[in-house]
Amino acid sequence: MLWKSTSYTGWGRALSAAGELARPERMSTLARLGAVPAIGARRSYGDACLNTAGQAADMSRLDRILGFDAETGRVEAEAGVPIGELARLFAPLGWMPAVMPGTGFATVGGCIAMDVHGKNHHADGSFGQHVISLKLMQDGKSRTIAPNRGKALFEATVGGLGQTGIITSAKLQMIPCEGPGMEVTEQRVEDWDEHIALLDSSEARYTVGWLDATARGKHLGRGIVEEARSTAVRPQSAPKGSAKSVPFDFPRFTLSRVIVSGFNKAYYLRIRDGGQTRIKPLEEFFFPLDRIRDWNRLYGKSGFHQFQCALPEAELPRLRSIAERIAGSGLASPLAVLKRLGPGSGGLMSFPMAGYTLAVDFREGPKARALISELISEAQAGGGRIYLAKDSLATEAQVKAMYPDWRRWAEACARHDPEGALETDLTRRLSLRSL
Amino acid sequence: MSETRETWIILGASSSMAGPFIRTLAEAGHGLILAGRDKPDLAAIAADAGARGASHVAQFALDVRDAASFRAILTHAEGCEGQLCCAVFVGSMPDQSQIDAEPGLVSGVVTDSFSGPARFLQALAPMLESRGGGSIVGVGSVAGDRGRLGNYVYGAAKAGFATYLSGLRNRLGREGVHVMTVKPGPVDTAMTWGLGPQPFMTTPDTVARDILKGLRKGRNVVYTAGIWRWVMLVIRMIPEPIFKKMSI
Ligand SMILES: Cc1cc2nc3c(=O)[nH]c(=O)nc-3n(C[C@H](O)[C@H](O)[C@H](O)COP(=O)(O)OP(=O)(O)OC[C@H]3O[C@@H](n4cnc5c(N)ncnc54)[C@H](O)[C@@H]3O)c2cc1C
């Protein structure tokens, strides 16, 4: 049967959709579906990958690698290929995806449609900047676009939330690596200033700050900064074949504030004074959370939200005050992420902007929602923006103000999808495509 | 990577269930002869196998109902060095109600799931015999273990195939060729998509793992998910006078 009536959610599980999903296993089947939005591994937190009362094409079974050139590091992959799979297969041969988000389950299609960034954004830019070309299916018909071939459509497709058509495959330029191992240096930082200073001075290709979002006062911003580079040294422990999984929804109390801050402290105390350097398997560095499958269930049935914003460098004090608000609220969850961003972005609706990005999880609830809404306004006031891959609470006005190119993008979408057949819950919630 | 490089003929290479099995073989560096019906899909699968490290990959158009399409595959296989192996994933399952309305469909189902592959394996068997080794994997179905209201023509064809494989095992076992029958229950594929929750449903990945494990251990009959061995044991034990009134 082509269609299945089901209800499904994004990674945050706070929002859900009831609708019809197809999961084609062949391109010919996909072509028969006509104009419907595509979804990948649903690793977006909010409603970007939902289509309530409508249809959507689950791309996860269109996951073949169509070509790989060991000389040039070019790979062509169908949209459903998980990004971690490319790393697993090709890192031992000296190539890995130029940009990888924090989960290896994200698909090539989802990485393009969100123009994802990685721990090397300051060095290598965003995902879309490494796309050589891609195939787009529009109402069953396929066309190839590239940065210099159908430029307008390309820029509307990269980071374009799937609103220009279904990405069926892409040619990607990977970057050279030494092998499947990463040399990772972890350093404790005691407060906000030290944290920022270390991120700023880091010369590593991969840098990420883990922040204890519950630490306040003089401890604000304390955490661990990880710097990494690819290494030919073989990692000691291969990643375990079968990841641990969370088999059921956790009851509400498990993530109480005490546990959360205790967890953070334990994580932070692991690192000896003066830091430590270890060789880790690539997956462990890039996708640390993937080792616990379905960890989103730890938040219980009602789910959670992630607030992720980017602010320009000059707005650092504002970012600090945002972090203060979060810590003061007592609502934040373990392991917030603080990263530097470079200027690179691949599309009109891409999230990255030069400066810093902060990402924090909150269990769903009225207090968290109210706080996040305020934080979104703060980000907007600072000339920053929030990441649509994580959002479920922003408003039309906020997002349109944060994404200055939204109109050009919406116009391109209108040209390629005049009926709005590709709209998702997110684009409807934000009236993102209404000009 | 295994010691000896093998070449695997995959009949029905573009079936959902074959996918992960092909990938595992490719990543272990084995050679592949992929035979299937959907040409563009076959090309994607072949490219995928190549990118994952298969030592060689060939594609052939296959129509199990047309034995003439076997020749090119067999000739190509003949030319491959080393151990030859074959896995059969072909089969077709029209709705039983459709078959009830159109009796002519019966022979197609029997050809797709039984006589077609059997005919291919008959032609292949001497090649394996003369090489004194190799493996044959035949994918049947738990539906073949007992004729049921919902899919008895398909079940009958799969039962025929299972009996055939058992005989082939008897014949080739003494020549060092291993014949393994695989009986999957419901698998999460395009066929079951949208049917609602199925009992003890498994995934193509698990099927691949179970097949490879079975091969390593030299098993004769493998159920996947494994629990189906016991479920079917019980179902087979239900006396016919009772069973004929049941609709499970
Ligand atoms: C633990 C975790 C860590 C993360 N870390 C990062 C990070 O470091 N950096 C970062 O940038 N993001 C990060 N993310 C977010 C994630 O990378 C993005 O949400 C990504 O888009 C998910 O890919 P997906 O395949 O799951 O797509 P989905 O979530 O299913 O879909 C995302 C969007 O892409 C569209 N889409 C998907 N496939 C296609 C296609 N084939 N054609 C057209 N449109 C398509 C959908 O319509 C939707 O709008 C993280 C997420 C998690 C859960």
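Ranked by heavy-atom pairs shorter than 4.5 Å toward chain B, the options A:Thr6, A:Leu21, A:Asp69 are led by A:Leu21. Interface check for chain B: of the options A:Ala70, A:Ala22, A:Ser28, A:Ala77, the most heavy-atom pairs under 4.5 Å are formed by A:Ala22. Ranked by heavy-atom pairs under 4.5 Å with chain B, the list A:Ile65, A:Thr29, A:Leu93, A:Leu89 is led by A:Ile65. Ranked by non-hydrogen atom pairs under 4.5 Å with chain A, the options B:Ala46, B:Ser14, B:Gly50 are led by B:Ser14. Of the listed residues (A:Glu78, A:Glu85, A:Glu76), the one with the most heavy-atom contacts under 4.5 Å to chain B is A:Glu85.
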Q. Would A:Met27 and B:Asp38 count as a side chain to side chain contact (heavy atoms under 4.5 Å, CB included) if you check the C-alpha gap in whole Å, the side-chain angles of each, and the deciding distance to 0.1 Å?
A. CA-CA 10 Å; A:Met27 283 299 165; B:Asp38 184 329; over 6 Å; no
Q | Trace of the side chain to side chain contact (heavy atoms under 4.5 Å, CB included) decision for A:Arg88 with B:Glu27 | A | CA-CA 11 Å; A:Arg88 180 182 72 80; B:Glu27 287 180 29; 2.9 Å; yes
**Q.** A:Arg64/B:Arg52 under side chain to side chain contact (heavy atoms under 4.5 Å, CB included): CA gap, chis, key distance, verdict
**A.** CA-CA 10 Å; A:Arg64 275 84 50 105; B:Arg52 284 169 197 269; over 6 Å; no
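Residues B:Pro204 and A:Arg61 approach most closely at CD-NH2, 3.8 Å, considering heavy atoms. The two atoms that bring A:Glu25 and B:Ala190 nearest to each other are OE2-N, 3.2 Å, heavy atoms only. Here the closest heavy-atom approach between residue A:Leu66 and residue B:Ala44 is recorded as CD2-CB, 3.7 Å. Here the shortest heavy-atom pairing between A:Phe90 and B:Ala51 reads CE2-O, 3.6 Å. In plain terms, the two heavy atoms of A:Met1 and B:Leu195 that are nearest each other are CE-CD2, 3.6 Å. B:Asp48 and A:Asp63 make their closest contact through OD1-O, 4.3 Å (heavy atoms, listed as atom of the first residue, atom of the second, distance).
B:Asp95 does not touch chain A: none of its heavy atoms, backbone or side chain, sits under 4.5 Å away. Using a 4.5 Å cut-off between heavy atoms, B:Thr192 makes no contact with chain A at all.
A:Trp3 places no side-chain N or O within donor-acceptor distance of the main-chain N or O of B:Trp193, the cut-off being under 3.5 Å.
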